[in-house]
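First the proteins, then the strands, lettered A, B, ... as listed; each starts at 1.
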Amino acid sequence: MAYSAPRGTVDILSDQSGKWQQLEQLLRTICANYNVKEMRTPIFEHTELFTRAVGDTTDVVTKEMYSFEDKKGRSITLRPEGTAGIARSYVEHKLYSLPEKLQKYYYMGPMFRYERPQNGRQRQFHQFGVEMLGLESPYTDVEAMVLAVTVVEALGLKDIKLHINSLGDDESRDAYRDALKQHFQPVLNELCYDCNQRFEKNPLRILDCKVDRDHPTMKTAPKTIDYLSESAKAHFDKVCSLLDDLEIDYVVDTNLVRGLDYYSHTVFEVISDDPKLGAGATVGAGGRYNTLISELGGPVVPGVGFAFGMERLMIAMGDEMVEEDGLDVYIMPLGNEAKDLSMQIITMLRANGFTCDMDQCDRGLKGQFKSADRFHAHFSMIIGEDEVQKEVVNMKCNHSKEQTIVPLENIVEFIEKHYEGGHHHE
RNA sequence: GCGGUCGUGGCGAAGUGGUUAACGCACCGGAUUGUGGCUCCGGCAUUCGUGAGUUCGAUUCUCAUCGACCGCCCCA
C-alpha cells in the first residue's frame with residue numbers, strides 16, 4: 001500500500017524548485033522596483049472572513065472552500081485567495097493610520113480550493129498578488145495594471161492581452177444589474193440552465209457564458225460602461241487615457257466581470273493565448289474594491305489589486321530559463337581511508353565557502369566521473385591509496401582536463417588561484 | 001458537481017485469457033588492478049494504479065475505487 005499525494009496537490013521536486021525560485025525572485029525584484037512591500041498573512045483564517053469578503057453567494061465560498069472546525073469548535077478555512085487576508089490584516093493593525101496613505105503590498109503562497117483538477121488548476125495552488133490600499137485614484141489602478149503587465153513581460157510570455165472593464169460604483173452596479181435582468185428576462189427559456197441560475201444569483205456572469213455565447217441577446221445586452229455614474233465614468237476614462245499615454249496595449253472588454261463580490265469600478269484580466277495553457281487562459285486578474293475594507297470593519301478605504309496563478313505562469317514560462325550552478329569540487333575517493341580523508345577535506349572546503357560534494361557510493365572512478373558530470377563539477381578531486389600515502393590530492397579540472405597533484409595544505413589556495421581567472425561565482 | 005479519454009519498470013513504450021511481461025532511454029557492473037566519450041558483454045518489473053468478481057488460470061474480461069488528463073461549471 002503506497003501513499004500518494006491528495007488529489008489536486010503536487011510535489012514540487014528539486015528539478016522544478018529552481019524554476020520556482022527564479023519566478024519568485026523575479027516577482028520580488030519587480031515589486032521592489034515598484035516600492036511594493038511583502039506582507040505574509042496566515043494560510044488559514046476564520047471562515048467568516050471569506051464569506052464576508054469574497055461573497056456568500058460566490059462559487060468559491062459556497063462550494064470550494066476547505067473549511068473545518070478546530071478543536072475549540074471555531075470554523076476555520078484554508079485561504080482560497082489572498083485579498084481577504086491582506087484586508088483583514090490592514091484593518092486589524094490599523095495600517096490606514098500609517099503616515100503613507102497609499103500602502104502597497106504583495107504576497108505569494110499557497111491557496112486552497114476544492115475544485116476538479118486540470119492542467120494549471122490544482123486544489124492547492126499558488127498565487128502571487130498585489131494590493132494597493134488607501135487611494136481611489138485612477139493612477140493607482142494603472143500602477144497595478146502596469147505592474148501586472150511588467151510581470152508577464154519580464155517572464156517573456158507571448159500572446160498576452162490585457163482586458164479591462166469598469167463595473168462602476170454601487171449605484172452603477174445596481175442600475176446595471178437591473179438593466180441586465182430586464183434584458184434577459186424575456187429570453188430566459190432560450191438560455192442554458194446555468195444562465196437561469198445566474199439570472200437569480202449573479203446576472204453579470206451571464207455575459208461570460210460559453211454556451212450562450214452566440215445567443216442574439218448577448219450582442220445587444222446593455223454594457224456596464226453605459227450605466228456608469230458621472231464619476232465612475234470619469235474614473236474609467238482617466239484609467240484608459242493613462243494606459244494610452246504609457247502605450248500599454250489593452251482592450252476594453254465590456255463582458256468582463258469578475259466572480260468575487262468585492263470588485264467595483266476597474267476590473268482587468270491578463271489573458272494568455274499560449275497553447276501550453278489553452279487559448280484564452282486567464283493567468284492573472286484583479287480590480288478595484290472600494291467597500292471591502294469598510295465591510296470588514298475598517299474605515300472607508302479604497303483599494304485595488306490583482307493576483308496571478310503561479311502554476312499558470314510556470315506553465316507559460318516553459319523550461320528554457322532553467323540553469324543550475326555546478327559544484328566547485330566533486331571528491332572521488334577510492335577506498336575507506338580515502339573516504340575518511342575526503343570527509344575531512346569536504347568539511348574544510350565547505351567551511352571555506354566552496355560548494356562541493358563527495359561520492360559515498362563506493363563506486364569505481366568511471367561511475368564517480370559520471371556523477372561529477374551530472375553535478376557540473378568544476379574540479380574532480382581524486383583521492384586513492386597513493387594520494388592518502390603521500391598526503392596529496394589529484395585535482396582534475398573538468399574543463400581543461402588538466403591534472404595537478406596538490407598537497408593537502410594547499411588545496412584552498414590552489415582552487416582560489418585557479419578561479420582568479422573569473423570562473424568562480426560568489 | 002456533470003461529461004469524456006486513460007493508468008504496464010525511474011522515464012518512454014509494446015503486448016497477450018495460459019507457464020521466463022518485448023524494446024528504447026536512464027542507471028549499475030565488467031572488458032579498461034585508478035580517468036569521464038565510443039563499442040561490446042552482463043544486470044535491472046515475485047509484476048501490469050488499488051480492491052473485489054468471473055475463470056482451472058486475469059496484466060488482459062466485469063464491477064468498484066483511487067489518480068491523471070480533456071471539455072463544462074468556476075476561477076488565478
Side-chain angles (χ1 to χ4, degrees), chain A residues 1-10 13 15 54 57-65 80-83 108-130 148 151-152 192-195 197-198 201-202 205 208-213 257-260 268-272 277-278 280-287 305-316 330 332-335 338 359 361-377 380-388 394-399 401-403:
Chain A
M1 165 66 187
Y3 290 104
S4 58
R7 175 155 218 214
T9 68
V10 297
L13 300 180
D15 63 338
V54 178
T57 62
T58 59
D59 278 20
V60 168
V61 165
T62 56
K63 40 192 210 198
E64 295 179 357
M65 293 208 299
E81 57 96 58
T83 303
M108 58 177 101
M111 307 291 165
F112 305 84
R113 291 183 199 175
Y114 192 89
E115 292 190 282
R116 193 91 181 243
Q118 260 172 58
N119 190 28
R121 172 195 290 195
Q122 294 158 196
R123 290 182 174 178
Q124 178 178 175
F125 61 106
H126 296 78
Q127 281 189 341
F128 157 76
V130 169
V151 166
V152 292
C192 72
Y193 172 82
D194 287 316
C195 279
Q197 300 292 305
R198 293 180 184 118
K201 253 173 56 183
N202 192 353
R205 294 222 63 86
D208 255 2
C209 185
K210 307 259 188 331
V211 178
D212 295 322
R213 193 201 308 255
V257 293
R258 310 253 58 250
L260 278 40
F268 62 95
E269 288 192 358
V270 179
I271 295 169
S272 163
L277 279 165
T282 301
V283 300
F306 65 83
F308 276 97
M310 294 177 74
E311 279 78 6
R312 292 180 186 183
L313 291 177
M314 293 285 288
I315 291 168
Y330 188 69
M332 315 196 314
L334 296 160
D359 190 274
C361 305
D362 300 317
R363 290 177 300 173
L365 264 194
K366 182 171 171 172
Q368 299 197 44
F369 265 114
K370 283 190 169 186
S371 291
D373 285 343
R374 264 179 239 128
F375 293 131
H376 303 111
S380 294
M381 179 188 288
I382 303 163
I383 306 177
E385 285 175 29
D386 289 358
E387 286 82 359
V388 172
N394 183 343
M395 294 292 285
K396 177 168 187 175
C397 174
N398 291 324
H399 303 307
K401 312 294 185 200
E402 184 185 334
Q403 296 189 54

| task | Go through the steps to decide whether A/Phe369 and A/Ile382 satisfy the test side-chain contact (heavy atoms from CB on, under 4.5 Å), and finish with yes or no. | result | CA-CA 10 Å; A/Phe369 265 114; A/Ile382 303 163; 4.0 Å; yes
| task | For A/Gly8 and for A/Glu385, find the nucleotide of RNA chain B with the closest heavy atom, then tell me which residue's nucleotide is more 5'. | result |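 The residue mapped nearer the 5' terminus is A/Glu385.
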| query | A/Pro6 or A/Glu81: which one's nearest nucleotide on RNA chain B is closer to the 5' end? | reply |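 Looking at RNA chain B, the more 5' nearest nucleotide goes with A/Pro6.
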Under 4.0 Å, counting only non-hydrogen atoms across every strand here, what does [X] touch: a base, just sugar-phosphate, or nothing?
X        : answer
A/Glu311 : nothing
A/Arg113 : base
A/Phe125 : base
A/Gly384 : base
A/Lys63  : nothing
A/Leu313 : nothing
A/Gly129 : nothing

Kindly point out which of [options] is positioned nearest to the side chain of [X]?
X        : options             : result
A/Lys366 : B/A68, B/A31, B/G34 : B/A31
A/Arg116 : B/G37, B/C75, B/G3  : B/G3
A/Glu387 : B/G1, B/G71, B/G34  : B/G34
A/Asp59  : B/A76, B/C73, B/C28 : B/C73
A/Asn119 : B/C74, B/C28, B/C70 : B/C70
A/Arg374 : B/C27, B/C70, B/C74 : B/C27

Sort out the partner of [N] for me: Watson-Crick or G-U wobble, both distances under 3.5 Å, none otherwise.
N     : answer
B/U33 : none
B/G42 : B/C28
B/G1  : B/C72
B/U59 : none
B/U19 : none

| message | Is there a side chain to side chain donor-acceptor pair (under 3.5 Å) between A/Gln124 and A/Thr9? Walk through the geometry before answering. | response | CA-CA 5 Å; A/Gln124 178 178 175; A/Thr9 68; 5.9 Å; no
Distance check needed: [N] [atom2] versus [X] [atom1], whole Å only.
X        : N     : atom1 : atom2 : answer
A/Gln368 : B/G37 : CD    : P     : 14 Å
A/Phe306 : B/A76 : CZ    : P     : 13 Å
A/Leu365 : B/G29 : CG    : C1'   : 15 Å
A/Glu115 : B/G71 : CD    : C1'   : 15 Å
A/Ile315 : B/A76 : CD1   : P     : 16 Å
A/Lys370 : B/G34 : NZ    : P     : 17 Å
A/Arg363 : B/G43 : CZ    : P     : 21 Å
A/Tyr114 : B/C75 : OH    : P     : 18 Å

| said: Please determine whether a side-chain nitrogen or oxygen atom of A/Gln118 lies at a distance below 4.0 Å from atom OP1 or OP2 of B/G71. | reply: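 Yes, within the criterion.
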Sticking with atom [atom1], work out how far [N] lies from [M], rounded to a whole angstrom.
N     : M     : atom1 : answer
B/U62 : B/G3  : C1'   : 22 Å
B/C63 : B/A21 : P     : 28 Å
B/G34 : B/G29 : P     : 12 Å
B/A76 : B/C66 : P     : 28 Å
B/A26 : B/A45 : C1'   : 15 Å
B/G12 : B/U55 : C1'   : 34 Å
B/U50 : B/G7  : P     : 14 Å
B/G67 : B/U46 : P     : 25 Å

Any N/O donor-acceptor pair, [X] side-chain to [N] base, under 3.5 Å:
X        : N     : value
A/Gln403 : B/U35 : yes
A/Lys396 : B/U35 : yes
A/Arg121 : B/C69 : no

| remark: Between the CZ atom in A/Arg116 and the CZ atom in A/Arg123, the distance rounded to the nearest 0.5 Å is 8.5 Å
| query | Name the one of A/Arg113, A/Gln127, A/Glu115 that satisfies side-chain contact (heavy atoms from CB on, under 4.5 Å) with A/Pro80? | reply |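 Going through A/Arg113, A/Gln127, A/Glu115 one by one, the side-chain contact (heavy atoms from CB on, under 4.5 Å) with A/Pro80 is satisfied by A/Arg113 alone.
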| query | Applying the side-chain contact (heavy atoms from CB on, under 4.5 Å) test to A/Arg363, which of A/Gln368, A/Lys370, A/Met332 qualifies? | reply | A/Gln368
| Taking all non-hydrogen atoms of both residues, which atom of A/Gly284 and which atom of A/Phe308 are closest, and how far apart? |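 Scanning both residues completely, I find the closest heavy atoms to be CA-CD2, 3.6 Å.
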| If every non-hydrogen atom of A/His126 is compared with every non-hydrogen atom of A/Pro110, which pair is closest and at what distance? | CD2-N, 3.6 Å
| field | Pi stacking test for A/Phe308 and B/A76: under 5.5 Å apart, planes under 30° | value |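 No; by the centre-distance and plane-angle rule, A/Phe308 does not count as stacking on B/A76.
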| query | Are the side chain of A/Lys63 and the backbone N or O of A/Val60 linked by a donor-acceptor pair below 3.5 Å? | reply |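 Judged by distance alone, no pair lies under 3.5 Å.
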| A/Phe128/A/Val151 under side-chain contact (heavy atoms from CB on, under 4.5 Å): CA gap, chis, key distance, verdict | CA-CA 10 Å; A/Phe128 157 76; A/Val151 166; 4.1 Å; yes
